Amino acid sequence: MSIAATATFAYLESAPGVFQYTVTLNNTGDTTIGTFWFAWDDAPDQDFMSAQPTNIGDPSGWTDTVTTHLYGSGTGYGIEWRSLSGSDLLAPRGSLDFTFTSTETPAEMAGP
């Protein structure tokens with residue numbers, strides 16, 4: 001058994017300086033996935049968002065938690081999504097969309 005996944009990342013500016021992000025997780029392995037954690041930032045070696053995400057969207061049967069990490073220059077944020085039951089796991093060769101809103105720009109998300 002192997003756990004493997006790829007993801008695509010898209011955004012739409014829903015208001016000036018406010019972005020709706022969609023991360024599509026594609027299960028490319030041969031086992032189910034029940035946890036997905038997302039964090040990204042332009043701060044070197046941190047991989048956390050510098051703006052706290054809001055309006056987090058959960059696929060059916062999943063729930064979210066905003067995670068934080070304190071480091072020298074501030075607080076970093078991530079989102080952890082978890083399946084609520086075995087029947088809602090992401091099946092092999094399946095995909096799910098995870099969404100959130102942030103004031104962090106796409107350029108900041110992409111980092112240097």
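Starting from 1, each residue takes its place in the sequence as its number. What you see below is based on every heavy atom in this structure, not just the backbone, and it leaves out hydrogens, waters and symmetry mates. For clarity, every value in this text was computed on a predicted model and none was experimentally measured.
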| Are Phe98 and Phe38 close enough that their ring centers fall under 6.0 Å? |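 No: the rings miss the under 6.0 Å criterion.
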Over all atoms of both residues, closest heavy-atom pair of [X] and [Y]:
X	Y	result
Trp37	Thr67	NE1-OG1, 3.1 Å
Leu90	Ser95	CD1-N, 3.4 Å
Pro92	Gly29	CB-O, 3.3 Å
Ala7	Val23	CB-CG1, 4.1 Å
Thr35	Arg82	OG1-NH1, 3.5 Å
Pro59	Leu96	CB-CD2, 4.0 Å

Task: Met49 with Val66, same ILVMFWY side-chain cluster at under 4.5 Å - done: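 Shared cluster, yes.
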Linking I/L/V/M/F/W/Y whenever their side-chain heavy atoms sit closer than 4.5 Å, directly or via other members, would Leu84 and Phe36 fall into one cluster?
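They do not share one cluster, since no chain of ILVMFWY contacts under 4.5 Å joins Leu84 to Phe36.
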Any side-chain to backbone donor/acceptor pair from [X] onto [Y]? Under 3.5 Å, distance only.
X	Y	answer
Asp88	Trp62	no
Glu104	Ser50	yes
Thr24	Thr8	no
Arg93	Thr28	yes

Which distance, rounded to the nearest 0.5 Å, do you find between the [atom1] of [X] and the [atom2] of [Y]?
X	Y	atom1	atom2	answer
Phe100	Ile79	CZ	CD1	5.0 Å
Asp58	Ser83	CG	OG	11.0 Å
Ile56	Glu80	CD1	CD	11.5 Å
Asp30	Ile3	CG	CD1	9.0 Å
Thr6	Asn27	OG1	CG	9.0 Å

Tell me, please, which residues at least two apart from Tyr77 pass ring pair (Phe, Tyr, Trp, His ring centres under 6.0 Å).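 For Tyr77, no residue satisfies ring pair (Phe, Tyr, Trp, His ring centres under 6.0 Å) once neighbours in sequence are set aside.
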By side-chain hydrogen bond (donor to acceptor under 3.5 Å, both in side chains), Ser87 pairs with (sequence neighbours left out) Ser85
The side-chain contact (heavy atoms from CB on, under 4.5 Å) partners of Thr101 (sequence neighbours excluded) come to Val18, Gln20, Thr54, Asn55
Which of Leu25, Ile33, Asp64 passes side-chain contact (heavy atoms from CB on, under 4.5 Å) with Trp81? Answer is Asp64
